[in-house]
Colleague: 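Got a structure for you, questions after.
These numbers were taken from a predicted model, which means no experiment stands behind them.
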Amino acid sequence: MAFDTLLLERDGAVATITINRPRVLNALNAQTLDELRRAILELEADEAIRVVIVTGAGDKSFVAGADINELAVQTPTGGREHGLTGQHVFDLIENMGKPVVAAINGYALGGGCELAMACTLRVAADTARLGQPEIALGIIPGYAGTQRLPRLVGKGRAMEMILTGAPISADEALRIGLVNRVVPPADLMAEAKKLAAQLASNAPIAMRYIINAINKGVEMSFAEACQYEATLFGLVSSTDDMREGTKAFLEKRKATFTGR
Ligand code: COA
């Protein structure tokens, strides 16, 4: 599938999506959001792909938010549809059932921070800046930032970041749990690829169930979530990979998982 605003590369079991509008710091316009939606659906259906990396083109910005040219002329009904569309695309990323690693190579602001939060794991360059600056535009986050940020870093910190709009450093993001790892910019893609390769050797169905159990479980009561976990724990016992993983351990060798 061809894209104008994204680059999509496949390297074995790992696919890399690069948001490619460097002249506007990779801001997300309607076309980019739609291409991202199509790319995610394509990679979700591709059995050969086990892990996805999302990054931004250039060395300055991951994604500097929604495209402010489009926001400036948005109508109330159009704004609602825009928000729902962005939320839908990011839901697809969060729930695609394959780990998605955000390689945050610079500004992750507004929709960029929301995109990073929809990813499963986040690796940031130490030069990255993360924030929800919408308040400075007289608006609020619209791609579920008001919901994912408190779930990741707690209500108090989310209130502060969204109400002040002030971006934070990568080190501060690491300290509060907004990113998983921080590395020098030159090492960012190597670190993201190393993590992706490690995940790509895991049992795909088990990873799908882990992502599902955590994403769905945090929205349920503890007791219901434990029931749900037990059901997935039972289901995963039906897989070839469960038999291979346990057998390989007992035979003192490395398991080879097939995704069956
Ligand atoms: N939408 C549309 N265009 C954007 C953009 C966005 N979210 N973010 C940056 N750009 C454009 C700028 O307008 C500029 O275009 P120009 O060269 O035609 O003037 C270009 O990208 C480079 O940005 P610039 O502001 O000159 O770079 P900078 O290094 O001085 O500042 C930022 C970088 C990220 C601090 C600044 O661009 C910024 O604050 N962007 C908006 C962030 C934001 O509010 N995002 C949330 C949107 S909901």
Side-chain angles (χ1 to χ4, degrees), residues 3 5-6 17 19 21 24-45 52 54-56 61-102 104 107-122 130-155 157-159 161-163 165 167 173 177-179 208 211-220:
F3 302 105
T5 65
L6 309 177
I17 297 173
I19 313 289
R21 300 182 75 215
V24 287
L25 305 185
N26 306 318
L28 302 172
N29 62 2
Q31 182 183 4
T32 315
L33 269 183
D34 191 57
E35 292 191 349
L36 194 51
R37 180 186 64 79
R38 283 165 38 211
I40 292 296
L41 290 175
E42 181 180 319
L43 296 174
E44 183 178 18
V52 177
V54 176
T55 192
S61 183
F62 174 69
V63 167
D67 193 312
I68 297 171
N69 297 294
E70 291 183 356
L71 291 180
V73 294
Q74 165 172 294
T75 62
T77 50
R80 182 170 190 275
E81 291 310 312
H82 175 192
L84 290 172
T85 301
Q87 290 170 1
H88 170 67
V89 176
F90 290 6
D91 274 351
L92 289 177
I93 293 172
E94 185 166 48
N95 295 307
M96 83 182 289
K98 303 180 187 190
V100 183
V101 178
I104 306 170
Y107 291 115
L109 300 176
C113 189
E114 291 168 308
L115 171 60
M117 290 192 289
C119 294
T120 324
L121 295 168
R122 285 154 290 283
L130 295 92
Q132 298 289 159
E134 288 87 350
I135 190 71
L137 301 171
I139 61 171
I140 73 171
Y143 302 159
T146 61
Q147 302 310 305
R148 285 201 178 91
L149 190 58
R151 283 166 171 76
L152 269 174
V153 304
K155 184 174 160 184
R157 289 190 172 111
M159 282 287 186
M161 282 181 70
I162 298 176
L163 283 174
L178 182 52
V179 300
R208 176 179 298 273
I211 293 168
N212 190 250
I214 292 178
N215 284 347
K216 300 296 172 216
V218 293
E219 305 303 332
M220 297 178 186

Colleague: If we count only N and O atoms by modelled type, under 3.5 Å, do the side chains of N212 and N95 hold a donor and an acceptor together?
Modeller: no
Colleague: Supply the atom-to-atom distance L36 CG to L92 CG, rounded to the nearest 0.5 angstrom.
Modeller: 9.0 Å
Colleague: Apply side-chain contact (heavy atoms from CB on, under 4.5 Å) to residues L115 and V89 and explain how you reach the verdict.
Modeller: CA-CA 9 Å; L115 171 60; V89 176; over 6 Å; no
Colleague: M117 and F90: side-chain contact (heavy atoms from CB on, under 4.5 Å), yes or no, with the steps?
Modeller: CA-CA 9 Å; M117 290 192 289; F90 290 6; over 6 Å; no
Colleague: Find out whether L43 and K98 are in side-chain contact, i.e. whether some heavy atom of one side chain is under 4.5 Å from a heavy atom of the other.
Modeller: no
Colleague: As a test of understanding, state which of I19, L130, N26, V54 forms a side chain to side chain contact (heavy atoms under 4.5 Å, CB included) with F62.
Modeller: V54
Colleague: What pair of heavy atoms forms the shortest contact from S61 to A64, and how long is it?
Modeller: OG-N, 3.5 Å
Colleague: Donor-acceptor pair, distance only, cut-off 3.5 Å: does the side chain of R122 make one with the backbone of A102?
Modeller: no
Colleague: Between H88 and Y143, does the ring pair (Phe, Tyr, Trp, His ring centres under 6.0 Å) criterion hold? Intermediate values first, please.
Modeller: CA-CA 8 Å; H88 170 67; Y143 302 159; over 10 Å; no
Colleague: Carefully, step by step, assess R157 and L149 under the rule side-chain contact (heavy atoms from CB on, under 4.5 Å).
Modeller: CA-CA 8 Å; R157 289 190 172 111; L149 190 58; over 6 Å; no
Colleague: Regarding R37 and E42, does a basic nitrogen lie under 4.0 Å from an acidic carboxylate oxygen?
Modeller: no
Colleague: Taking it one step at a time, do E114 and Q132 satisfy side-chain contact (heavy atoms from CB on, under 4.5 Å)?
Modeller: CA-CA 8 Å; E114 291 168 308; Q132 298 289 159; 3.5 Å; yes
Colleague: So, taking the atom named CD1 in I104 and the one named SG in C119, what distance separates them when rounded to the nearest 0.5 Å?
Modeller: 8.0 Å
Colleague: Is it the case that atom CZ in R80 sees more than 12 heavy atoms from other parts of the structure closer than 6.0 Å?
Modeller: no
Colleague: Quick check for you: to the nearest 0.5 Å, what is the distance between M159 atom CE and T146 atom OG1?
Modeller: 9.5 Å
Colleague: Evaluate the side-chain proximity of I68 to L137: yes if any heavy-atom separation is below 4.5 Å, no if none is.
Modeller: yes
Colleague: Just wondering, more than 12 heavy atoms not from I140 lying within 6.0 Å of its CD1?
Modeller: no
Colleague: Taking the side chain as C-beta and beyond, is there a heavy-atom pair between R148 and E94 under 4.5 Å?
Modeller: yes
Colleague: Can you tell me how far CE of M96 sits from CG of D91, rounded to the nearest 0.5 angstrom?
Modeller: 13.5 Å
Colleague: Quick one: does any side-chain atom of T120 pair with a main-chain N or O of V100 as donor and acceptor, under 3.5 Å?
Modeller: yes
Colleague: Could you state the interatomic distance from CZ (R21) to CG (L28), rounded to the nearest 0.5 Å?
Modeller: 8.0 Å
Colleague: Tell me yes or no: between the side chains of E35 and T5, is some donor less than 3.5 Å from an acceptor?
Modeller: yes
Colleague: Roughly how far, to the nearest 0.5 Å, is CG of L33 from CD of E70?
Modeller: 8.5 Å
Colleague: Could you check whether any side-chain heavy atom of I135 comes within less than 4.5 Å of a side-chain heavy atom of I162, counting everything from C-beta outward?
Modeller: no
Colleague: Judged by atom type as modelled, is there a donor-acceptor pair below 3.5 Å linking the side chain of R151 to the main-chain atoms of Q147?
Modeller: yes
